[in-house]
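Each remark here refers to the structure printed beneath this line.
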Amino acid sequence: MTKYIFVTGGVTSSLGKGIISASLAKLLQARGYRVTIQKFDPYINIDPGTLNPYEHGECYVTEDGAETDLDLGHYERFLNTPTSIANNITTGRIYQNVINRERQGDFLGKTVQVVPHITDEIKRNIRLLGESGDYDIVITELGGTVGDIESLPYIEAVRQFRWENGSGNSLVIHLTLIPFLAAAGELKTKPTQHSVKMLLEYGIQPDILVCRTEHPLNMDIRKKIALFCNVNVNAVVESIDASTIYDVPLLMLREHLDKTVLAKLKLPHKSEPDLENWKDFLGRLKNPTSEVRIGLVGKYVELPDAYKSISESFIHAGSKNECKVRVEYIPSETLTPENAIERLKGLHGVLVAPGFGERGFEGKIEAIRYVRENNIPFFGICLGMQCAVVEYGRNVLGLKDASSTEMNPNTPHPVINMMEEQKKVKLKGGTMRLGAYPCDLKKGSKAANFYGKTHISERHRHRYEFNNDYLKEYETAGLLPTGINTENNLVEVVELKNHPFFIGAQFHPELKSTVANPHPLFINFVAASMAYARKQ
Ligand code: GLN
């Protein structure tokens with residue numbers, strides 16, 4: 001029978017519920033349990049697909065094409081197992097399902113209400129992953145902070161779920177903050193006490209408190225928290241600030257979070273957690289033998305969370321190469337033909353990021369011209385690849401004003417244009433070309449060599465594509481289409497013939513890089529940047 005763990009948050013947001021959930025899951029997985037994590041987001045959007053990255057950070061795309069919260073990226077990077085649409089539920093989806101059923105007459109004669117109809121739908125979604133039979137333990141992270149109006153139905157659903165499923169089959173971990181008052185020189189437990197009281201008002205006694213803190217919690221503080229919040233002392237877990245999120249599983253191991261959880265769920269310890277590979281990864285990450293500076297050119301750079309998966313992929317690839325990757329965020333709209341040299345000099349590699357819309361487009365083109373002409377390693381992802389095609393069209397093929405029809409619908413040379421199937425799409429959200437599609441790599445190409453195979457599958461999120469009318473011209477001029485989706489002849493990878501590393505991918509490799517499996521394109525891009533740095 002599947003066991004369920006709920007993770008709630010109190011006191012403030014941004015305490016790192018996603019990382020705590022992923023770290024606990026990692027420890028349980030390392031002990032031989034099959035674990036997955038799902039996140040409930042209490043907003044009314046159906047999914048984060050339509051949210052501006054400034055609003056909510058990156059939109060993470062799963063294998064099955066769901067547009068989801070960036071926490072799912074952490075789950076996959078920690079666990080190295082794929083998530084799906086069932087792993088991210090929003091209030092919008094819950095209500096949509098209930099309202100659709102109401103229109104179908106499922107509740108005929110009844111008033112449809114938050115309790116029981118909305119809470120029933122929440123509970124159905126909690127059980128869904130467990131009922132697949134694929135998991136021993138399902139961790140459900142509740143977004144938001146206890147006390148928020150919009151979180152209430154979720155908290156109520158958890159209360160009902162626990163009552164219906166009996167003790168020992170589920171538990172609640174509450175993540176709170178223990179602030180340090182510098183003036184008093186003290187850690188303060190009162191906000192945690194209040195936050196637990198609020199949970200108690202809603203009928204939930206947390207089983208474990210994970211306390212985020214900047215200073216170690218001594219035994220007196222732990223005892224005090226335990227006494228006021230009705231938990232055992234060993235269920236008060238210190239979560240001290242870490243230098244990297246990848247330290248957190250080991251910090252939680254030191255606090256015996258996994259053992260406490262297993263004891264409360266009445267599950268055997270099975271084996272000691274096997275974390276050898278994880279520790280190797282951390283060892284290399286913390287002891288780099290070289291360093292590179294890589295520019296990330298994008299339009300959402302003010303909020304680094306907008307490029308979370310890319311920056312994490314650099315961490316994985318850096319560790320693999322024993323190289324510290326310093327990512328420098330460069331706002332693309334500030335780049336002009338006049339200042340590009342000044343802004344980009346000294347970088348050992350440049351990645352042009354995914355994105356939408358016109359703002360910053362020309363700056364990306366300038367960055368690409370500079371790195372192409374100067375043999376600096378270049379990696380373009382999605383819009384970044386499309387920009388590389390436009391740049392090459394304009395500056396090498398001499399196609400004046402070549403562009404993507406996304407940026408200039410009247411361009412005389414639409415080298416990137418809208419995919420046929422997208423032209424009829426009217427609705428927003430979940431309607432782009434999304435999720436995993438296969439791609440064939442040309443034998444002997446750089447891409448094929450990096451992957452070590454010619455048949456790959458990668459995830460997508462786009463509406464525009466390389467215009468095959470120009471394919472021959474590009475190929476003859478040296479920008480080679482080396483990855484093709486053979487079903488619809490879509491160019492998925494381009495690479496430049498006479499350049500140390502110039503690769504554009506229509507797909508998003510960053511969505512598949514994990515600690516256990518750093519992505520080959522990132523590994524080799526970092527390696528090429530290291531080679532470039534050595535020559536300087
Ligand atoms: N805006 C481009 C498209 O829709 C690129 C999308 C992206 O970078 N994810 O095709």
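Indexing begins at 1, ligand by ligand and atom by atom, following the structure's order.
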Show the atoms of ligand 1 that are less than 4.0 angstrom away from any heavy atom in Cys382.
5 (C), 6 (C), 7 (C), 8 (O), 9 (N)
Side-chain heavy atoms of Gln506 within contact of Val491, under 4.5 Å:
no
Whether Gln386 lies under 4.0 Å from ligand 1, heavy atom
yes
Side-chain heavy atoms of Ile416 within contact of Val390, under 4.5 Å
yes
As a check for students: among Arg463, Glu406, Met385, His462, identify the option with a heavy atom nearest to atom 2 (C) of ligand 1.
Glu406
Ser513 and side chain to side chain donor-acceptor pair (under 3.5 Å): which partner among His316, Lys320, His519?
His316
Report, in ascending order of atom number, the atoms of ligand 1 lying under 4.0 Å from any heavy atom of Leu383.
5 (C), 7 (C), 8 (O)
Taking the side chain as every heavy atom from C-beta outward, state whether Asn87 and Thr68 have any pair of such atoms under 4.5 Å apart.
no
Does the residue His508 have a heavy-atom contact with ligand 1, meaning some pair of atoms that are separated by less than 4.0 Å?
yes
At less than 4.0 angstrom from any non-hydrogen atom of Arg461, what atoms of ligand 1 do you find?
6 (C), 7 (C), 9 (N)
Does this structure show an ion pair linking Arg433 with Glu487, if we count only N-O contacts that are shorter than 4.0 Å?
no
Quick one: sort the His56 and Tyr43 rings into parallel, tilted or perpendicular, breaks at 30° and 60°.
perpendicular
Nearest protein heavy atom to atom 5 (C) of ligand 1, by residue and atom, and its distance?
Gly355 O, 3.4 Å
Which protein non-hydrogen atom lies closest to atom 10 (O) of ligand 1, naming both residue and atom, and how far is it?
Tyr464 N, 2.9 Å
